[in-house]
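Notes for the one structure printed next.
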Amino acid sequence: MEFVILAVIGLAAGIVGALVGLGGGIILVPATLFFGINLGMIGGITPQSVVGLSVVMMIFTGLSSTLAYMKTKTIDYRSGFIFFAGSVPGTILGAYVNKGLDLPSFNLYFGILLIILSTLLLVRKYLKPVSWFVNHGKQRSFTDRTGENFVYGYPVWFALLLTFVVGFSSGLFGIGGGSIIVPAMILLFLFPPHVAVGTSMFMVLLSALVNSATHITLGNVPWLYTIPVVPAAYIGAKVGAYLNQKMKSETLVFALRITLLLLGIRSIIDGILG
């Protein structure tokens with residue numbers, strides 16, 4: 001039964017993760033903690049082992065999604081490598097800090113982070129575009145399938161600083177970093193949503209390789225549970241990438257916002273009651 005539950009969680013994580021560029025950990029981590037600890041249906045689950053499982057899964061969701069987004073040409077490779085370079089030291093530091101977190105603290109901090117990100121996406125229409133980052137960085141342009149043209153950009157120094165924080169959160173919570181970098185790319189750097197998602201999944205792939213190596217070294221990966229999760233997540237990521245190309249930009253942002261909000265509320269409740 002636990003293998004079936006994990007396969008379903010992995011499939012959902014792959015679909016949602018690739019659809020909105022979150023990597024899947026943002027679904028797998030709270031869902032596995034809920035079924036494993038709250039309901040006792042998955043044995044041997046701890047916050048550390050769930051994060052270890054999540055980062056290994058994200059290698060495969062990142063690979064599956066990257067291959068799909070390569071075909072649609074919605075990956076900014078240069079930005080992906082820059083963001084990855086900034087995130088690596090943060091990822092390693094976050095993985096070590098994770099060792100000292102108990103479950104209630106993990107859920108509470110994780111939930112607060114998601115609520116903040118969801119709120120920023122909710123009010124983004126009422127905020128003036130943050131053109132400073134675009135004006136003070138190297139600009140790029142992208143025309144989507146509807147003919148709408150986007151101009152976006154960022155200063156490299158700020159991108160490196162931001163992605164260090166993103167990497168730290170990724171290593172700490174096992175969420176792939178996409179839950180932070182996608183809103184940042186859309187709100188601060190004015191990335192078109194489809195390019196933000198595709199670039200995020202490319203970064204998730206690169207970051208997951210480093211992140212998983214760190215958690216493997218720390219003994220956090222429950223290898224038996226990767227058997228149902230990895231193939232299900234890989235298939236789900238292909239489905240999510242396909243659905244992404246069928247959605248309008250605003251619909252994509254709405255889906256991202258609702259996903260973050262619901263997961264954040266659930267995680268905070270678990271943190272307070274835990």
Side-chain angles (χ1 to χ4, degrees), residues 1-62 64-65 98 101-115 117-118 169-170 172-180 201 204 208 211-212 215 220-237 239-240 243 255-274:
M1 177 58 72
E2 59 191 12
F3 270 48
V4 174
I5 293 172
L6 285 168
V8 172
I9 293 174
L11 183 66
I15 293 173
V16 177
L19 176 64
V20 292
L22 304 185
I26 203 166
I27 300 295
L28 182 135
V29 171
T32 305
L33 287 173
F34 175 72
F35 283 100
I37 295 181
N38 294 42
L39 300 184
M41 299 177 71
I42 305 173
I45 289 298
T46 65
Q48 287 72 29
S49 66
V50 172
V51 171
L53 177 63
S54 176
V55 296
V56 169
M57 176 200 70
M58 285 188 293
I59 294 175
F60 297 92
T61 57
S64 177
S65 302
N98 170 270
L101 276 183
D102 59 18
L103 182 60
S105 298
F106 180 95
N107 281 328
L108 183 60
Y109 299 147
F110 185 51
I112 291 172
L113 172 65
L114 299 186
I115 295 294
L117 295 173
S118 176
S169 299
S170 175
L172 182 63
F173 296 120
I175 57 176
S179 58
I180 302 175
M201 292 308 299
V204 163
N211 209 351
S212 61
H215 281 283
N220 290 344
V221 180
W223 291 108
L224 184 63
Y225 290 157
T226 63
I227 296 173
V229 167
V230 166
Y234 186 87
I235 294 170
V239 175
L243 293 175
L256 172 61
R257 187 174 70 232
I258 295 302
T259 301
L260 293 175
L261 179 63
L262 292 178
L263 290 172
I265 292 171
R266 174 73 211 185
S267 190
I268 288 175
I269 291 173
D270 284 345
I272 294 173
L273 298 180

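Computed from a predicted model, the values in this text were never measured in an experiment.
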Minimum heavy-atom separation for [X] and [Y], please, with both atom names.
| X | Y | result |
| --- | --- | --- |
| V230 | M57 | CG2-CA, 4.5 Å |
| T226 | V56 | CG2-CG1, 4.2 Å |
| P228 | L6 | CG-CB, 3.8 Å |
| S64 | Y234 | OG-O, 3.0 Å |
| V229 | L53 | CG2-CD2, 4.2 Å |
| M201 | T61 | CE-O, 3.7 Å |

Task: Main-chain N/O of V50 paired to S54 side chain as donor or acceptor, under 3.5 Å - done: no
Task: Exam field: side chain S65 to backbone G62, donor-acceptor pair closer than 3.5 Å - done: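 Pair absent, no side-chain N/O of S65 close to backbone of G62.
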- [ ] Carefully, step by step, assess Q48 and V51 under the rule side chain to side chain contact (heavy atoms under 4.5 Å, CB included).
- [x] CA-CA 5 Å; Q48 287 72 29; V51 171; 5.9 Å; no
Rounded to the nearest 0.5 Å, what separation is found between the [atom1] atom of [X] and the [atom2] atom of [Y]?
| X | Y | atom1 | atom2 | value |
| --- | --- | --- | --- | --- |
| F3 | L224 | CZ | CG | 4.0 Å |
| M41 | M1 | CE | CE | 6.0 Å |
| I42 | L33 | CD1 | CG | 9.0 Å |
| Y225 | I5 | OH | CD1 | 10.0 Å |

Task: Positive for side-chain contact (heavy atoms from CB on, under 4.5 Å) with I27, one of V16, T32, I15 - done: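 Among V16, T32, I15, the one meeting side-chain contact (heavy atoms from CB on, under 4.5 Å) with I27 is V16.
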